[in-house]
Protein chains: 2
Amino acid sequence: MQISEVAQKFGLTTDTLRYYEREGLIGPIKKGKNGIRNYDEDDIKRIQFVKCMRSAGLEISFLKKYLDLFDEGDKTVKERREILVEQRNILKEKLDAMQEAYDKLTMKIELYDKNILDKNLI
Amino acid sequence: MQISEVAQKFGLTTDTLRYYEREGLIGPIKKGKNGIRNYDEDDIKRIQFVKCMRSAGLEISFLKKYLDLFDEGDKTVKERREILVEQRNILKEKLDAMQEAYDKLTMKIELYDKNILDKNLI
DNA sequence: TATTGACTTGAAGTTAACTCTAAGTGATAT
DNA sequence: ATATCACTTAGAGTTAACTTCAAGTCAATA
């Protein structure tokens with residue numbers, strides 16, 4: 001699979017894919033004789049994981065750390081579990097903050113719909 | 001209320017509060033004869049709103065736009081409602097993406113706990 | 001054969017949201 | 001009186017995550 005297809009598939013740009021590779025999140029992707037990247041199934045799986053986690057706002061530095069440990073094999077299992085839990089906790093905090101803001105926005109919109117507008121309430 | 005108390009109250013830095021003021025999100029805050037800011041109840045309410053929305057990742061440019069319209073009074077009600085809905089939609093997308101990542105992380109952690117580790121699965 | 005289009009590289013540029021620095025003021029504690 | 005402390009300013013610096021640029025290669029098509 002060529003870079004533009006992969007980009008298309010995940011809604012990323014080719015620049016972003018090369019950037020992720022530069023940062024060591026994925027690859028190094030195998031290249032054909034002409035120097036063109038050819039993504040295989042494992043590359044795709046990895047990109048899918050990265051895309052999902054990045055969409056949720058997880059930092060590249062974390063993903064790099066986790067994936068490096070993954071590549072080191074079974075001896076890193078314990079450490080990997082720990083950082084997954086840590087990231088999930090961070091994510092939970094963010095989710096809660098966002099849910100709170102979401103509910104506040106919903107309430108505000110309802111007030112606008114009912115024309116109950118307090119000049120002093122933002 | 002002085003700047004450091006307000007910062008403390010909301011878990012912001014004084015630099016951030018002055019930055020928000022520079023950007024026109026809040027204030028201009030009234031100052032005493034010595035030039036020191038004195039935050040009143042309305043300032044606090046506004047900061048609470050900004051803090052909540054920023055914690056959810058809403059952009060400063062949006063908050064600026066919304067709060068400027070708010071200050072213009074009743075004639076902007078319709079436009080305000082529209083941008084609130086728009087922001088809520090954006091927030092919903094993000095919430096969904098984060099929930100998906102959260103669930104994925106939870107599943108992974110469970111696999112780690114049960115020692116079901118597929119070498120080919122990230 | 002010439003041009004088009006997708007790819008390649010290293011490096012520089014961009015953006016949002018802070019964060020820090022340097023230099024200064026003014027009230028209070030020793 | 002002198003030191004400490006919280007505050008003030010304008011402006012420069014930082015960080016993460018891209019994004020763009022300039023210059024080049026290569027295969028396929030008009």
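Both backbone and side-chain heavy atoms feed into the values below; hydrogens, waters and symmetry mates do not. Each chain gets a letter, A, B and so on, in the order its sequence line appears, and its residues count up from 1. Because the structure is a prediction, the values reported are computed rather than measured.
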- Near-strand residues of residues 89-101 of chain B, defined as heavy-atom separation under 4.0 angstrom from DNA chain D: none
- Message: Counting only heavy atoms and a strict 4.0 angstrom limit, can you tell me which residues of residues 47-61 of chain B come near DNA chain D?
- Response: none
- Message: I need the CG-P distance between B:L17 and C:dT19, as an integer number of Å.
- Response: 12 Å
Could you list, one pair per line, each protein nitrogen or oxygen that sits under 3.5 Å from a nitrogen or oxygen of nucleotides 8-14 of chain C, together with the distance?
| from | atom 1 | to | atom 2 | distance (Å) |
| --- | --- | --- | --- | --- |
| C:dT8 | OP1 | A:R37 | N | 2.9 |
| C:dT8 | OP1 | A:R37 | NH1 | 2.9 |
| C:dT8 | OP2 | A:R18 | NH1 | 2.4 |
| C:dT8 | O5' | A:R37 | NH1 | 3.4 |
| C:dT9 | OP1 | A:K31 | NZ | 2.5 |
| C:dT9 | OP1 | A:R37 | NH2 | 3.4 |
| C:dT9 | OP2 | A:R37 | NH1 | 3.0 |
| C:dT9 | OP2 | A:R37 | NH2 | 2.8 |

- Query: Considering residues at least two apart in sequence or located in another chain, which fulfil the side-chain hydrogen bond (donor to acceptor under 3.5 Å, both in side chains) criterion with B:D40?
  - Reply: B:K30
Going by the rule side-chain contact (heavy atoms from CB on, under 4.5 Å), which residues pair with [X] if we only count those two or more places apart in sequence or in a different chain?
X	result
A:D15	A:T13, A:R18
B:Q2	B:E5, B:I36
A:A7	A:T14, A:L17

- Message: Could you tell me the boundaries of the chain A footprint on DNA chain D, defined by atoms under 4.0 Å from its heavy atoms?
- Response: D:dA17 to D:dT20
- Report the C-alpha separation of A:R81 and B:D113 in whole Å, then their side-chain angles, then the decisive distance to 0.1 Å, and conclude whether the salt bridge (charged side-chain N to carboxylate O under 4.0 Å, His left out) test is met. CA-CA 8 Å; A:R81 200 202 97 98; B:D113 287 341; 2.4 Å; yes
Considering only distance and modelled atom types, tabulate donor-acceptor pairs under 3.5 Å from the side chains of residues 59-71 of chain A, sequence neighbours left out.
| from | atom 1 | to | atom 2 | distance (Å) |
| --- | --- | --- | --- | --- |
| A:K64 | NZ | A:D68 | OD1 | 3.4 |
| A:K64 | NZ | A:D68 | OD2 | 3.1 |
| A:Y66 | OH | B:Y112 | OH | 3.0 |
| A:D71 | OD1 | A:R46 | NH1 | 2.9 |
| A:D71 | OD2 | A:R46 | NH1 | 3.3 |
| A:D71 | OD2 | A:R46 | NH2 | 2.9 |

- Heavy atoms under 4.0 Å, any strand shown: does A:Q2 hit a base, just sugar-phosphate, or nothing? sugar-phosphate
- Note on the structure: Rounding to 0.5 Å, atoms NZ (B:K45) and CD1 (B:I47) come to a distance of 12.5 Å
- Nearest 0.5 Å please: distance from the CZ atom of B:R54 over to the CG atom of B:L12. 10.0 Å
Donor-acceptor pairs are to be reported for all side-chain atoms of residues 98-110 of chain B against protein atoms at under 3.5 Å, with residues two or more places apart or in another chain.
| from | atom 1 | to | atom 2 | distance (Å) |
| --- | --- | --- | --- | --- |
| B:Q99 | NE2 | B:D103 | OD1 | 3.2 |
| B:T106 | OG1 | A:R88 | NH1 | 3.3 |
| B:T106 | OG1 | B:Y102 | O | 2.9 |
| B:K108 | NZ | B:I122 | O | 2.4 |

- B:D43 side chain near B:I26 side chain, heavy-atom distance below 4.5 Å: no
- Fellow cluster residues of A:I90, listed by chain then number, with links counted only when side-chain atoms sit under 4.5 Å apart: none
- Message: Per the side-chain hydrogen bond (donor to acceptor under 3.5 Å, both in side chains) rule, what does the pair list look like for residues 89-98 of chain A, sequence neighbours excluded?
- Response: A:K92-A:D96
- Is B:Q8 atom CD crowded by more than 12 heavy atoms from other residues, nucleotides or ligands, each under 6.0 Å away? no
